[in-house]
Amino acid sequence: MTASRLASGGSAIDRSRPIRFSFDGATVQGFAGDTIASALLANDVAVVGRSFKYHRPRGIWGAGVEEPNALVDVSGNRATPNTRATTEPAREGLVAKSVNATPNALADRNAFLDRFARFIPAAFYYKTFMWPDWHIFEPRIRAMAGLGKVDAGWTASGPADQINHHCDVLVVGAGPAGLAAARLAAGASLSVTLVDDQQTPGGSLGHRAGEIDGRPASVWVEETIAALAAGGHLVLPWTTAFGIYDHSLIGLNQRHFDGRPDTLWRVRPRRIVLATGAIERPLPFASNDLPGILSADAALSYLRRHAVLAGRRIVVATNNDSAYEVAEAVAEAGAEVTLVDIRRDGMPATSSKVRLIKGRTPAAARGKLRVEGVTLDDGARLDADCVLVSGGWTPTIHLFCQARGKLAWSEARAAFVPGDAVDGIAVAGAAAGAVSLSDVFAGAEQAVASLSETKAAALRSTGPEATDGIEAAWPRPGSKGRIWIDYQNDVTVKDVELAARENFVSVEHLKRYTTLGMATDQGKTSNLPGLALMAGITGRTVPEVGTTTYRPPFTPVPLSSFAGARAGALMAPVRRLPLERAHRQSGAVFQEYGGWLRPAHYGGAGADADRAIADEARRARQSVALFDGSTLGKIEVIGPKAAEFVDFLYYNTMSTLKPGRCRYGFMLSENGVVFDDGVLVRLDEHRFVVSCSSSHVAAVHARLEEWRQDRFGRGAVYIHNATSEMATLTVSGPNARKLLETLDLDLSLDEADLPHMAIGHGSYAGDEVRIARVSFTGDRSYEISIRADRAEPLWAHLRGAGKAFDAVVIGLEALMILRAEKGFIVIGKDTDGTTLPHDLGSEGPRAKRQTEFVGRRSLYTEEASRGDRLQLVGLAVPQGEAPLPTGAHGIKRSDGRLRSQGFVTSSYESPTLGRPVALGLIERGASRHGETIEIQHLGKLRSATIAAPCAFDPAGDRLHA
Amino acid sequence: MTRSYSALSLFKEGLAGQTGWQPAWRSPEPKPSYDAIIIGGGGHGLATAYYLARNHNISRAAVMEKGWIGGGNTGRNTTVVRSNYYYPESVELYGLAHRLYEGLSKDLNYNIMLSQRGMVSLCHSTIEMEIGARTVNAMQISGIDAELFSPGDVRRVAPIYNFSPDGRFPVFGGVWQGRAGTARHDAVAWGYARAASRLGVDIIQNCEISDFIIEGGRCRGVQTTRGAIRAERIGMAVAGHSSVLAGKAGFRLPINSYALQACVSEPVKPILDTVVLSPGAGVYVSQSDKGEIVIGGGLDRIPSYAQRGNLPTLETVISGLLEMFPVFGQLKLMRQWAGIVDVVPDSSPIIGESPLPNLFLNCGWGTGGFKAIPAGGTLLANLLATGKHNDISRPFDLDRFASGRLIDEAAGSGIAH
Amino acid sequence: MQLFPCPFCGPRDETEFHYGGDAGNVRPDGAEVPIDRWAGYLYLRGNPKGTAREIWVHMSCGEFFVMERDTVTHKVLSSSALGGEHAP
C-alpha cells in the first residue's frame, strides 16, 4: 500500500491548519479535520494494531464506528484506552499508541502466536490447561489478553455533564434520511432534536454523489442544518445514540474535544426516527484481514473528505453496485484500478479508467505486513497495494432491536431489515434497507407521516440514483485458507465450522463459543457473515439461524459519563446536624453513623481518640454530660384513631399510656423480628410522637404511612415526620437537673411534675421547648427539643452554664459506652435479622397481649418457640483482661465439631467500672448467667462469663438521683 | 465415545485441522418417558443431570430447555465463585459447591477456568468492621477459609482503590476469602452438558414446558412443545421463571422476579487482580481473563421478567465503581445486560419437594446461583434419586417459611436487597 | 428509565417509586391464624409474568396506590388510588 494525500481536495480538512501528533513514537502529520485514521492513512502507516488472539498485523478497515482493527490508546486530555482511530479527531500533540502490541504494532514480539494458530482454534482453552492446574497457565494468558492499557496516573478532568431533554421527535443520524426526516418534522411544527456521531452532518452525502431539489447535496445539507437551527431545533454533532431503554428513554453519548468529559443525554422524545444508515461488510477470502484491505466505502470517504488516496494499484472487489462509484473515484484520483465483481451481469457501466473482471471472486490476498495482491478463484493473480471490498450493506438496526423491534429478512438486500413497526419508532433510509435517494426520501416522508398528521413538502432526488443489485457472497463452509469473519477477536470460517461440529449451532452458542461479535466493535461487520455461514453449514436459512440479542451500548460509552457528578460528598450525601458548626468549633471529630455525620468524640485525633472517648464517658457519670441527639426520630401520629394505630404498630400496648407520659417499646416486622426500638411519647389523647433510631427514621416513617393508608385509612390518623424540624439536646448525669435549673425554661422540674418517663412543655427565649425525661445513659436525663434553627443559642447557653458543673460534651462513642454499661441495645448492632422481642427479655406482650399488632402471629411459630434461641446477655471477662473483640463468637464443641453459640455485639472498656463491659447474643443466654464459655476471635480463644446485660446501677437508682 | 480433551488431543487435532471433534453434547429427539426429567438447561439443571447419572447411576434422564442451554442466568452473571457465608447451613451448602468447583475442570474434563484470585468484601466503618469480624469468625468456626483484612491488606490486593480520605467509601478493612474467585460461566454449562451427555442423559433444547401431567395428585410428567414426556420424578431449576412453572403446577412460591444487571468495560491489560465487593457502594468488580472489567451491582427495584438493562441502576452502579476506582473513569462501557433472578425473603435458596408430589424444586438463588451450581445439582439429583433430603439440603426446604426457620444471609450475599 | 403514573402527581421517573407488594394480599389478623395462611400472607407471591396488579408508593408524595402493568413489556396499564373503604 502506498497511500497518500492528494495535492488538493478534502471537504473535511483545513490545509491552513497543519497538525502533528505521534503514533507508536513516530510523528504523523495531518490537518485539522483529520481523524487519527485518515492522518495515518495519509502518512502511509499500514499496520496500526494487532489482533486480540493471534497478534496479526492489522490496518485500517473502515471510516466510522464499525472499525474492528484500528484501536489506539490515546493519552492527553481525552486519555482513554481502545479508542477507535476512525472516529477520533487528530489533534496537535496527541499521543496515540497501538494496542496489544509490544513494543509497537509493526514489530510485535507476540506475532509468533499466529504460527501456532492451528493448535489454538476457537475455544481451545476449554480443552486444555487443566493439568496440572489452570492457575499455572492463567497469569501468562491474562497478560497476553486485554487490548489497551489503563493509565494508573489518570485523574478525571471534572464531573461529566448529564442532561435530561424532551422533544417531539428525536432523529438519530444526520445522513440523507435523518436530515430529510428532521426537515419534514420541523416543517410539521414538531420540535426536533437531530443527533449524529460525526462532526459534520450529511452522512453518505459527504462522499457519495447526489443532487436534491436541483442543488448539490452539500448545499442541501447546509441549507437543511441552517433551517433547523433557525427554527430553534437542536442539532448535536459528535453525538451517538447508544441505547433505547424502557418507555422510550434514549441515551446519547456526546463527545467533546476540549478537555471536558463526554456528556450523557437522557432524552425522552415523543417519537423516534432511526436514520442510522448501514455498515459495509467485508468479502470472505483467505487472508482478508491484511493491512491495506479496506471497506470500499471507507476508502471513498477518505478520498472525498480527507483527500487521501488509499493506494496506487487498487483492486476493488464487490458483489454489489455500491463499489462502482468507489472504483471510478479512485481511478479518477490517479490510481490504477481493477474492479472484480462476482456477478456476471446486471452491473452498472464502468468507464475506460477501470478494468472490469466479471464473474470472479477473490480467493486469497497475498502479503505479510501489508497486502501485495489478490489471487482470484480462477487462479489469476492481480498485483495490488490496496484492496477495497464491498460485501454488501448491513442496516444498522441495533437501536430498533433494543426497542424490541423484530427483524425481517430481505433477500433483495441480503440483510435483516426492520420488520413490524414498534410504537413510536420509525426507521428510515439505509437502516430500513433503502438504497436510492428517492427511496430514502420516500421512507423519511413515511416516517414523519406516521408521527404527525400534518404533511410537509416532499423532497426530490434530482441527481444520479444509487442502485444495489447485490448477489450474496457469504463465507462458505470448506473454504480454503484462513478467512476472517471477526477481525478483532480473530474468528475465522474454520472456527465457525468447529463450533457447528461441536453442536454450538445456536447463534448465541456460536457467539459465546467462538467470541464472534464480542469484541469492542460488538460485531458490526462480522455478525451477519458469521450467522450466514452457520446457516450454510447447518442447512438452514439465515432467518432460521436468527440473530443474537442487541444490547446497549451501540458504541462504547465512557464510564465517567454515567457517573456524572455523583462522586465524593455528592454520592449518597450524608445528613448533617443543625449544630454541626458549633460542634466543629468544639473540636468534634465527625464520623458517619447510619447516614448522619455526627460527632464521634470531641478532641483527641488519631491515637488519642480512645482516651478522649473514655474521658467523656467517665466525666459523664461524674457530673453532667451534654449530647446532641437531634438525629433521633420524631414522627408525629395524630388523629382520632392514633391510639389504636400505635397499639397496632408497637409490640407493647401503648394506648394505656397517659398524656404527658413516655413508654419504651419495640416495633416488629411482620416476620416478628425486632425492627426498631424507641420511646413513644403521648402528647395528648390523639397525638403521639414516635421516637425511633436515627438511622431508621425514613424506614419507620414509610412503615407508619403504609399501615395508615392500607389499614386505618387517611381519615383515621395523620403522620408527620418532624425529625429535621427539631433539634434535640440531651442533658444527662447526676447534676443534669441542677444545670437545667440555671436556665429559665418556664416549667417545673420537680420530680412530681416531671418524673422519669414524662414530658413537660416549656419555652426558651420565646420558643417552645419539649422536655422528655428519658434516658439512654442510665443517669437522670432530659431531652430538650427545640426548633432546629433556634437550637444554637440554647446549646451555647447549656455549655456556658455547664462550666460551673464541670459539664462534658460527649460524642456518640462515649454514649455507646454509657448505654452498654446499662445493657441498653442498639438495633442492628446488638440484634440481627433473626432477633425476636423475647430474645431481648421482653416476654410480656407475647405472653399476654390480646389485641392485634404487627408481627404478632410470627411470635408463635416453631422457630420462635425454640429453646435454643440466641438471647441478649452481658459478658464479663476475667479480671485484668482487655475487652472482648466485638464480633467474636462464643463456641462449643458437639459431635467433634466446632459450633458457634452466639457472638459479642458490643464491647467497651468502662472507665467508670474500671473493667470491660460487653453485650452479646448467646444461645439460651438468659438462663445461663454465671456460666463461663469459650470465646473465639480470629483463631484465638478466651473465656467470658455470661451475666445480666446491665453492668452498672442495675437497680436504676441513678435515674432519680 | 467422544474424544477426551487434553493438550495432546488439541495438538493432534491441530495437525488434522481440528476436524475430528465430536459434538460437545448430543441433541437427540425426546423419548416418551424417562426415569427423571429436569426442567431447565442452565447450570443447575445440567449439573443435576450429571450428578444424577454419576452419583446415582440414573442416566435415563432428560434435561428440557426452552431455549439454548446456559442461556439464562448461567450466561448472565458476573462469574463469582465464593463461599463466604455466615450461617452454618449456608456454609455447608456453598462450601460443598466451592469444593466441587475446585475439582470441576478435571472432573468434567472441561476447563471451566476457575480462577481463585481471592475476594475482599470491604468494610467502610467501624460497625462494618465489627460485622466483618463476626462473619470471619463464623466462617472460621465452620471451617471455611477467611481472613479479616486491615486497610494495608486491602491496599496490597487492590492498590488502585481510592484510599483518599475524601473518598466516600473509606476502607476500614475487609473480609477476605482467598479461595474465592471467578469461573468461566458458559464453560460450566457446557462442561456439565458434555459430561452428562457422555453418561447418557438426553439434552433437549428448544423444548418448552406447557403444562404438567398430574394424575392422582402427583406429578407424572410434562406437556411440552415437543409432545408429552412422562417421568417418575421431575425436577425444576428455572431461575427467574420459577413462579411461572409453579403457577402451572398449581402452587405459589415465596419469590419475586427481579432484573439483575451487569456490564463489562472494553478489555484492557491486567489492572485488577482480585474480586472486590463494596456493600457501601453496592458494587462488585473483577477483571476477566479476557481483560474486561466485569461490574455487578444491586437489583433493579422493580419486579420484572424483562431481561434488559436500564439506565438508573447502571448509573448508580458505575458511579459507585468510579468512587472505588477513579482510574476506571477512563474506561468505556462495552456491553450491558440483565438476568432475571428469583428473590426470596431470606435470600436463601429453596431446595426440596414442591407442594405437588414428585415435583422437586431448585430455585430462589437470588443473585448468587452461579457459585452454587455444583451443590444445587448434587442436591437436586439426590432428591430426584432418593425422594429425600440429605443434611445439607434439609434446612433449605420450602417448609422453613411456615416454621419460621429462615436462613437470612442478607449480609452473606453482600449486596443488600 | 420507566415512567410511572402517580394518581396524585402524574407521570414520574421510576426512581421516585417503591414497590410495595401484591395488591389484594389481605392480612389475616389474630394469634390463631393457621400458620400456612400466615406464611402465605407473609411470603407467597403470584409473581405473574405478564399483567401484574401491585401496590406502589410514590416516595415523593408518600401516597400508596395500585398499579397494573406488564412485567415483561413494562407497559403501564393503569394506576389508581387505594380503594375508598377507609377514605374519610
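The shown structure was predicted, so the numbers you read here are calculated from the model rather than taken from an experiment. Chain identifiers are assigned alphabetically (A, B, ...) following the order of the sequence lines, protein sequences preceding nucleic acid strands; residue numbering begins at 1 within each chain.
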Side chain, backbone, both or neither: which part of B/Pro88 has a non-hydrogen atom closer than 4.5 Å to chain A? neither
Largest heavy-atom contact set with chain B, pairs under 4.5 Å, which of A/His889, A/Gln402, A/Lys494, A/Gln162: A/His889
Non-hydrogen atoms of chain B under 4.5 Å away: do they reach the side chain of A/Ala519, the backbone, both or neither? backbone
Side chain / backbone / both / neither for B/Asp346 at chain A, heavy atoms under 4.5 Å: neither
Side chain to side chain contact (heavy atoms under 4.5 Å, CB included) between A/Leu147 and B/Val268, worked out: CA-CA 5 Å; A/Leu147 290 170; B/Val268 287; over 6 Å; no
For chain A, the option from B/Gly404, B/Pro159, B/Ala133, B/Gly329 that forms the most heavy-atom pairs under 4.5 Å: B/Gly329
Shorter than 4.5 Å, heavy atoms on both sides: which option in B/Glu323, B/Gln287, B/Gln18 has the most such pairs with chain A? B/Gln18
Determine whether B/Asn109 and A/Lys127 satisfy the following criterion, side-chain hydrogen bond (donor to acceptor under 3.5 Å, both in side chains), listing intermediate values before the conclusion. CA-CA 8 Å; B/Asn109 181 229; A/Lys127 294 176 178 143; over 6 Å; no
For a quick test of reading the model, state the closest non-hydrogen atom pair linking B/Gln336 to A/Pro553 and the distance between them. N-CD, 4.3 Å
Region of B/Tyr87 in contact with chain A, defined by heavy-atom distances below 4.5 Å: side chain
Does any heavy atom of chain A fall under 4.5 Å from the side chain of B/Arg400, the backbone, both, or neither of them? neither
Take B/Trp337 and A/Thr549 through the test side chain to side chain contact (heavy atoms under 4.5 Å, CB included) and record every step on the way to the result. CA-CA 10 Å; B/Trp337 67 92; A/Thr549 311; over 6 Å; no
Considering only heavy atoms, which portion of B/Ala402 lies under 4.5 Å from any heavy atom of chain A: side chain, backbone, both, or neither? backbone
Side chains of B/Met113 and A/Glu138: does their closest heavy-atom pair fall under 4.5 Å? no
Is a salt bridge present between B/Arg405 and A/Glu862, judged by a nitrogen-to-oxygen distance below 4.0 Å? no
Is the cationic atom of B/Lys12 (NZ for Lys, CZ for Arg) positioned less than 6.0 Å from the six-membered ring centroid of A/Phe119 and within 45 degrees of its normal? no
Taking all heavy atoms of B/Gln307 and all of A/Arg551, pick out the closest pair and write down the distance. O-NH1, 4.3 Å
Is the closest side-chain heavy-atom distance between B/Leu331 and A/Pro81 below 4.5 Å? yes
Is chain A contacted by the side chain of B/Glu147, its backbone, both, or neither, given a heavy-atom distance below 4.5 Å? neither
Which pair of heavy atoms, one from B/Pro326 and one from A/Trp154, lies closest together, and at what distance? O-CZ3, 3.1 Å
Does this structure show an ion pair linking A/Glu592 with B/Arg168, if we count only N-O contacts that are shorter than 4.0 Å? yes
Taking the six-membered ring for Trp, is the centroid-to-centroid distance between A/Phe504 and B/Trp25 below 6.0 Å? yes
Please examine the side chains of A/Asn100 and B/Lys269, heavy atoms only from C-beta on, and report whether any two atoms are closer than 4.5 Å. yes
Identify which of B/Lys106, B/Arg335, B/Arg26 forms the greatest number of heavy-atom pairs closer than 4.5 Å to chain A. B/Arg335
Heavy-atom contact with chain A under 4.5 Å, split by part of B/Ser288: backbone
Would you call A/Glu502 and B/Gln22 a side-chain contact if the rule is heavy atoms closer than 4.5 Å? no
Side chain / backbone / both / neither for B/Ile271 at chain A, heavy atoms under 4.5 Å: side chain
State the CD-CG distance between B/Glu266 and A/Asn82, to the nearest 0.5 angstrom. 4.5 Å
If I compare all heavy atoms of A/His135 with all of B/Leu114, which pair ends up nearest, and what's the gap? NE2-O, 3.1 Å
With B/Tyr5, which residues qualify under ring-ring contact (aromatic ring centres under 6.0 Å, His included), at least two apart? B/Trp21, B/Tyr110
Can you give me the closest heavy-atom contact between A/Gly833 and B/Asp408, atom names plus distance? O-OD2, 4.4 Å
Measure from the side-chain N and O atoms of A/Asn503 to the backbone N and O of B/Ala24, and report whether any donor-acceptor pair falls under 3.5 Å. no
Of the backbone (N, CA, C, O) and the side chain (C-beta and beyond), which part of B/Gln116 lies under 4.5 Å from a heavy atom of chain A, both, or neither? both
Quick one: of B/Ile295, B/Leu311, B/Thr316, B/Thr126, who has the most non-hydrogen atom pairs under 4.5 Å with chain A? B/Leu311
For the pair A/Thr80 and B/Gln330, evaluate side-chain hydrogen bond (donor to acceptor under 3.5 Å, both in side chains) and give the outcome as yes or no after the intermediate values. CA-CA 5 Å; A/Thr80 162; B/Gln330 66 195 291; over 6 Å; no
Heavy-atom distances under 4.5 Å only: say whether A/Val505 touches chain B with side chain, backbone, both or neither. neither
Engaged part of A/Leu859 at the chain B interface, taking heavy atoms whose separation is under 4.5 Å: neither
So CG of B/Leu333 and OG1 of A/Thr555: to nearest 0.5 Å the spacing works out to 10.0 Å
B/Leu321 versus chain A, the contacting section by heavy-atom distance below 4.5 Å: side chain
Interatomic spacing from NE2 in A/His937 to CG in B/Leu148 - rounded to 0.5 Å: 6.5 Å
Salt-bridged, B/Glu92 to A/Arg897, with N to O below 4.0 Å? yes
Under 4.5 Å from any heavy atom of chain B - which part of A/Ser506: side chain
Backbone N or O of A/Gly887 within a donor-acceptor pair of the B/Asn137 side chain at under 3.5 Å? yes
With a 4.5 angstrom heavy-atom cut-off, is it the side chain or the backbone of B/Leu272 that approaches chain A, or both, or neither? backbone
Side chain, backbone, both or neither: which part of B/Ile160 has an atom under 4.5 Å from a heavy atom of chain A? neither
Under 4.5 Å heavy-atom distance to chain A, tell me which part of B/Leu15 shows up: side chain, backbone, both or neither. both
Residue from B/Asn206, B/Asp273, B/Ile69 scoring the most non-hydrogen pairs under 4.5 Å with chain A is B/Ile69
Examine whether an atom of B/Ile141 lies under 4.5 Å from a heavy atom of chain A, and if so say whether it belongs to the side chain, the backbone or both; otherwise answer neither. both
Turns out that what part of A/Thr83 lies under 4.5 Å from chain B's heavy atoms comes down to both
dist B/Glu315:CD -> A/Ser561:OG (nearest 0.5 Å) comes out at 8.5 Å
Given the rule in the side chain to side chain contact (heavy atoms under 4.5 Å, CB included) test, do A/Asp151 and B/Val327 qualify, once you have shown the distances and angles that lead to the verdict? CA-CA 7 Å; A/Asp151 173 3; B/Val327 295; over 6 Å; no
For A/Phe129 and B/Asn111, which heavy atoms make the closest approach, and how far apart are they? CB-ND2, 3.6 Å
Would you please name every residue forming a side-chain contact (heavy atoms from CB on, under 4.5 Å) with B/Arg308, sequence neighbours left out? A/Asp246, A/Arg404, B/Ala306
In terms of side-chain geometry, is the basic nitrogen of A/Lys829 or B/Glu130 positioned less than 4.0 Å from the acidic oxygen of its partner? yes
